[in-house]
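One structure is given here, and the rest of the page talks about it.
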Amino acid sequence: MKIIKNIVASLLFVFTIQLTAQQTPADKQSEVITIVGATAHIGNGEIIENSVITFENGKITAIDNVATTNTSGKIIDAKGKHVYPGFIMPNSTLGLGEIDAVKASVDQSEIGGVIPHVRSLIAYNAESKVVESMRPNGVLLAQITPRGGRISGTSSVVQLDAWNWEDAAVKVDDGIHLNWPNSFSNGRRRFGEEPGIKPNKDYGKQVEEIKQFLIGAKTYKLSSESIKNLPYEASLGLFDGSKKLYIHADNAREIIDAVTFSKEMGVKNVVIIGGYEANKTIDILKKHSIPVLVQRTQSLPNHNDDNYDFPYKLPKLLTDAGILVGLENSGSMERMNSRNLPFYAGQVVGQGLDKEKALQLITGNTAKILGIAKDYGTLEVGKSATLFISEGDALDMRTNQLSHAYIDGRLLSLETHQTELWKRYSNKYSK
């Protein structure tokens, strides 16, 4: 009897999963599509009013003004609407966790302090219901990033409409993530510590440990050992430029130390993630052409003596100084909050940044930083037809209402479990 009950329970579980699974991934583009009359926001700072955008076999084949372009294929009348390149969410754990309170559904970190060989891509759940809820706000690509330890592992870039992680992959193993040590710590009374900011006495030791690992990785090819060292092998791309080193650091000293250290070690491509005090390190960032993925703008200040609006305007401060800037969303409830990415960019518009430059923070700039600008991030001939049509300004939560969305020319379903529940309960009292 117990065996029968277990079988029934298992079948019910499978049946429930099937009922609540996300929308079926879209079919490959089968006909030429032309969007006519929309305001096209290119993603590089340019706008085309009353535009015509044509795409075929997943690629944009024409984009221009209505007066100078012939239309072909299936015509979508988008007069009065807006077309944008798909928004890109970097440094994300989308698909690596489903319900924070259910440990078995979270797979964003592994055991170990230095594990660059751990690949987040193979843990990515393409059928996550959290992932599908990004698409109605225009978030169509993401960098899937591991968490934890000193070196968390290796990230990859995916598109957010796929059967599995293999189908989702856009750029495999794009970079390694290093959590730079904190030079100061904040004592907490509940842990028996004296409250207040104090120096981290182990800071030098922790930096030396990183140095010794990278020296070992850099000289690994010279080793005559027959046994493979997987962490070293995974790190070799840092020195030939095939992988980027994403350094998670906030304070000015840590950013300066991290950039100086990585360049001394011969790391080709470095990106700062977080960068709360990056505005104090402009000179060294510009000297080495280091881009910054700035933490979510809708945040509170880190320090008591910071201006209340400092997180809102940090991307503008860096952009005005000539730094290549993108926006990221790590922190509390980051997977669910990722759908707010366009509104983080809109927040910077409120601080005086030109709207098209703010759009670049989540499109063209981020594509450059992640190394996918050849195909994504802007609306240009020859690039992927990963784009969407919005009823209004996509950076404003009041008017970000999508009517169509495409990834590689494939028409996506904008239905999610959330829209289904909205429809269900909106009709509750009308019957």
Inset, instruction - Would you tell me whether Glu254 and Asn251 have side-chain atoms, one donor and one acceptor, within less than 3.5 Å of each other? - result: yes

Inset, instruction - Output all residues satisfying side-chain hydrogen bond (donor to acceptor under 3.5 Å, both in side chains) with Lys59, sequence neighbours left out; order by chain, then residue number. - result: Asp375

Inset, instruction - Kindly write out the residues that satisfy side-chain hydrogen bond (donor to acceptor under 3.5 Å, both in side chains) with Ser155, not counting sequence neighbours, or none if the list is empty. - result: Gln143, Asp174, His177

Inset, instruction - Give a yes-or-no answer on whether the side chains of Glu356 and His41 include a donor-acceptor pair shorter than 3.5 Å. - result: yes

Inset, instruction - Report the residues that fulfil side-chain hydrogen bond (donor to acceptor under 3.5 Å, both in side chains) with Arg339, sequence neighbours left out, ordered by chain and then residue number. - result: Ser133

Legend entry - For Glu277, salt bridge (Lys or Arg N to Asp or Glu O under 4.0 Å) partners two or more places apart: Lys280

Legend entry - Passing candidate, side chain to side chain contact (heavy atoms under 4.5 Å, CB included) with Leu121, options Thr154, Ile144, Val158: Val158

Inset, instruction - Scan for ring-ring contact (aromatic ring centres under 6.0 Å, His included) pairs involving residues 336-380, sequence neighbours excluded, and state none if there are none. - result: none

Inset, instruction - Measure up the Tyr84 and Phe388 rings against each other and bin them: parallel (under 30°), tilted (30 to 60°), perpendicular (over 60°). - result: parallel

Legend entry - Distance-minimising heavy-atom pair for Ser338 and Met89: O-CE, 3.5 Å

Exercise answer: donor-acceptor pairs, residues 307-327 side-chain atoms, under 3.5 Å, sequence neighbours excluded:
{"residue": "Lys316", "atom": "NZ", "partner": "Asp320", "partner atom": "OD2", "Å": "2.6"}
{"residue": "Thr319", "atom": "OG1", "partner": "Pro315", "partner atom": "O", "Å": "2.8"}

Legend entry - Given His117, Arg119, Lys243, the one that forms side chain to side chain donor-acceptor pair (under 3.5 Å) with Asp173: Arg119

